[in-house]
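Residue indices begin at 1 and follow the sequence shown. Keep in mind that this is a model prediction, so the values were computed, not measured.
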Amino acid sequence: MCGIVGVLGRHEVSPIILDALKRLEYRGYDSAGIATIHMGALDRRRAVGKLINLSDLMVHEPLRGRSGIGHTRWATHGGPSVANAHPHRAGRVAVVHNGIIENFRALRAELAEKGASFTSETDTETIVQLASHYLDEGLTPVQAARATLKRLDGAFALAFLFEGEEDLIICARRGSPLCIGHGEGEMYLGSDAIALSEMTNRITYLEEGDWAILTRNGVQIFDAEDHQTARPLTQINAAQARVDKSGHRHFMAKEMAEQPAILQSAMASYSGVGEGGIDLPEGLDFARADRLIMVACGTAYYACQVAKYWFEQFAGLPVELDIASEFRYRAPVLGPENVAIFVSQSGETADTLAALRHVKPHVAQVVSVVNVPTSSIARESDMVLPIHAGPEIGVASTKAFTAQLQVLALLALRAGRARGKLTPEEYAARLDELRAAPGFIAQALDREDEIRRLTEILAKARDVLFLGRGVMFPLALEGALKLKEISYIHAEAYAAGELKHGPIALIDKDLPVIVLAPHDALFEKTVSNMQEVMARQGKVLLISDAKGLREAGEVPYSLQMPTVPDIIAPMVYAVPAQLIAYHTALHRGTDVDQPRNLAKSVTVE
Ligand code: F6R
């Protein structure tokens, strides 16, 4: 949510910053901007909308300089406009900022009283006005930045650039991620390592509360108490950090297609000498756990919802599951034998991170299932299980979902063994089924042409309903979420049995109803609910396997999935849910990878 970048280079930095912003654009695309210092003078360019608008502007109005900062914005305070776009500037200071300054109103009032005149509606402008005020009082740039940071409440990552200072950027991290890149006679900063991947693979991650002084010679890092400190330098895998569409039309298409390979290699990375040939972190203790707490947001939350069925079924473990933004504001009852699992693709989702921090002192273990092992959520967990999905750039999460499911399934099976609920044979059999998932997912992907044809009808709908029972209920929720976010069609999902308690009133001949129903133990019941829809002329699309489609009788539309073991059905049925959304969006001409109003990494509450 907002991406920031900074470069102290040996050459012109504008093209480098633009390129880094391109890799951060998944974090927000309401506006973008760059500020540089050239011959001591601070200047900036800003444009509303996607980065391409800023690049176009800079063709006509280039920005020279060997030091600069850049920003791609997801609007929080103040709508998308040039005035609200970063970098913000006051006097001799420019700032880029990701996060929210919670006390900005009080600061703004205080500064306005002292004569500051504001030109934007943003919280960020208070930062730059404060820093400018301190400079005017005679503080040095470092002192002014430090004094400013001390006045700010909230969660943020930010970077300051000062007029007249060609070899200085000051940056700080509180709540939002920030990393430093080390080059040869150059230094960089970015919201993530991907942003810096074309410049360096040598990265230092700032810790919570850190601030840093960058010059071309290196970086000095200070902790929240202003003590100079050392943070490790890590070598990132440049190939992994590099992102392109590999010939696909969209990142989302590429990421859906990658799923079989990812699940295969992720499984390989968990293979070892542990029980059933699977290695999970030592110390993971499900035997003593009296309750599992699972917290996540969005798609990751639906993965947890599927996993709840597994933990109950395979391990007899009670699961309390909640959306992070709700969980934190309840008074959840936590106990010393609870194990808490946090699931997050980015590992930076503000609500999930805050829930983790809330829970950590009260439970036995905090486990995270993340795609970014260097993320804040990973670093603050007792144990980390990476999903190994590689960078996910399409805003709609696809491969991360199936990879999360795979890791959660491994955890649930391990819990089943630890608690004596699964025999070694049952455990081995379920693992074998999991190992077969990539092949079945590939078969589901092969139905793409058929799905494309089916979505011609869906693309004309105003509303769409998804139905499912058991593990297919979270899949229905996921299908509705995907459709909403990239095609902008209103979609709802219901547990099929809940339909007649209200939502059935919506059914008429114009409402497409997508029913997810593999031929499992709940099939008959789901089909009865589907009949209730058809009796009211609802336009049903039944997604099932060969046996299910045979037994369901005549339906207006159907889509055949491979016949799969129950444990991998959620991963396989995720594919039509994703492809339906993707092709409906293509028919409607929406922006698949960067849907309106969304950002990939939600680092504000
Ligand atoms: C939906 C989607 C979001 C994320 C949610 C959590 O396609 O991508 O709902 O799943 O914002 O993000 P992470 O997993 O990064 O915590």
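Ring geometry, Phe160 versus Phe162: the interplanar angle falls under 30°, so the pair is classed parallel (tilted spans 30 to 60°).
Counting all heavy atoms, side chain and backbone alike, Ile387 lies closest to Ala266 at O-CB, 3.6 Å. Closest approach of Ser269 to His388, counting heavy atoms only: OG-CD2, 3.0 Å. Nearest heavy atoms, Ala131 versus Thr148: CA-OG1, 3.3 Å. For the pair Leu196 and Gly190, the tightest heavy-atom approach, listed with the atom from each and the gap, is CD1-N, 4.0 Å. The two residues Gly79 and Arg73 come nearest to each other via the heavy atoms O-NH1, 3.1 Å. Residue Ser397 comes nearest to Glu392 through the heavy atom pair OG-OE1, 3.0 Å, listed as atom of the first residue, atom of the second, then distance.
Between the Glu125 side chain and the Thr119 main chain, a donor and an acceptor come within less than 3.5 Å of each other. Formation of a donor-acceptor pair under 3.5 Å by the Asn103 side chain with backbone atoms of Arg151 is found in this model. For the pair Arg23 (side chain) and Ala195 (backbone), a donor-acceptor distance under 3.5 Å is present. Here the side chain of Asn53 pairs a donor or acceptor atom with the backbone of Val48 at under 3.5 angstrom. Counting only distance, with no hydrogens or angles, the side chain of Trp74 and the backbone of Ser31 share no donor-acceptor pair below 3.5 Å. With hydrogens and angles ignored, the 3.5 Å screen pairs a side-chain donor or acceptor of Ser67 with a backbone N or O of Glu166. The closest donor-acceptor contact from the side chain of Lys399 to the backbone of Pro391 lies under 3.5 Å.
Judged by distance alone, the side chains of Gln143 and Thr140 do bring a donor and an acceptor atom under 3.5 Å apart. Looking only at atom types and distance, the side chain of Ser375 has no donor-acceptor partner in the side chain of Glu348 under 3.5 Å away. Side-chain contact of Ser368 with Ser381: a donor-acceptor pair under 3.5 Å is present, judged by distance alone. With no hydrogens or angles considered, a side-chain donor-acceptor pair links Tyr582 and His250 at under 3.5 Å. No hydrogens or angles considered: a donor-acceptor pair under 3.5 Å links the side chains of Asn371 and Gln345. Side-chain N/O atoms of Gln259 and Gln578 include a donor and acceptor closer than 3.5 Å. Donor-acceptor pairing under 3.5 Å is lacking for the side chains of Tyr205 and Glu207. Residues His182 and Thr204 bring a donor and an acceptor atom of their side chains to less than 3.5 Å of each other. In summary, the side chains of His77 and Thr122 do not present any donor paired with an acceptor at a separation below 3.5 Å, with no hydrogens or angles considered. Between the side chains of Asp351 and Thr349, no donor N or O sits under 3.5 Å from an acceptor N or O.
With sequence neighbours excluded, no residue satisfies ring-ring contact (aromatic ring centres under 6.0 Å, His included) with Tyr134. Every residue meeting the side chain to side chain contact (heavy atoms under 4.5 Å, CB included) condition with Glu208, not counting sequence neighbours, appears here in chain and number order: Arg173, Arg174, Arg357.
In this structure, Tyr302 OH and Lys482 NZ are separated by 9.0 Å, a value rounded to the nearest 0.5 Å. Summarising the geometry, atom CD1 belonging to Ile293 is positioned 10.0 Å from atom CD1 belonging to Ile341; distances are rounded to the nearest 0.5 Å. To the nearest 0.5 Å, the span separating OH on Tyr329 from CD1 on Ile323 amounts to 14.0 Å. Taking NE2 of His71 as the reference point, atom CG of Leu158 lies at 10.0 Å (rounded to 0.5 Å). From Leu42, atom CG reaches atom CZ of Arg89 across 4.0 Å, with rounding to the nearest 0.5 Å.
Atom CZ of Arg10 has more than 12 neighbouring heavy atoms from other residues, nucleotides or ligands inside a 6.0 Å radius. Around atom CD of Glu137, more than 12 heavy atoms belonging to other residues, nucleotides or ligands sit under 6.0 Å away. Surrounding CD of Gln228 are more than 12 heavy atoms belonging to other residues, nucleotides or ligands, all under 6.0 Å away. More than 12 heavy-atom neighbours from other residues, nucleotides or ligands sit within 6.0 angstrom of CD on Gln235.
Proximity of Phe222 to Ile213: side-chain heavy atoms (C-beta onward) are separated by under 4.5 Å at one or more points. With contacts defined as side-chain heavy-atom distances shorter than 4.5 Å, the pair Val93/Glu163 does not qualify. Here the side chains of His97 and Asp123 are in contact, with some heavy-atom distance below 4.5 Å.
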Worked check of side chain to side chain contact (heavy atoms under 4.5 Å, CB included) between Asp43 and His38:
CA-CA 8 Å; Asp43 199 0; His38 181 54; over 6 Å; no
Apply salt bridge (Lys or Arg N to Asp or Glu O under 4.0 Å) to the pair Arg66 and Glu12, showing each step before the final yes or no.
CA-CA 5 Å; Arg66 295 187 301 121; Glu12 292 295 314; over 6 Å; no
Before giving the answer on side chain to side chain donor-acceptor pair (under 3.5 Å), spell out for Glu25 and Thr72 the whole-Å C-alpha distance, their side-chain angles and the decisive distance to 0.1 Å.
CA-CA 6 Å; Glu25 205 180 9; Thr72 176; 5.3 Å; no
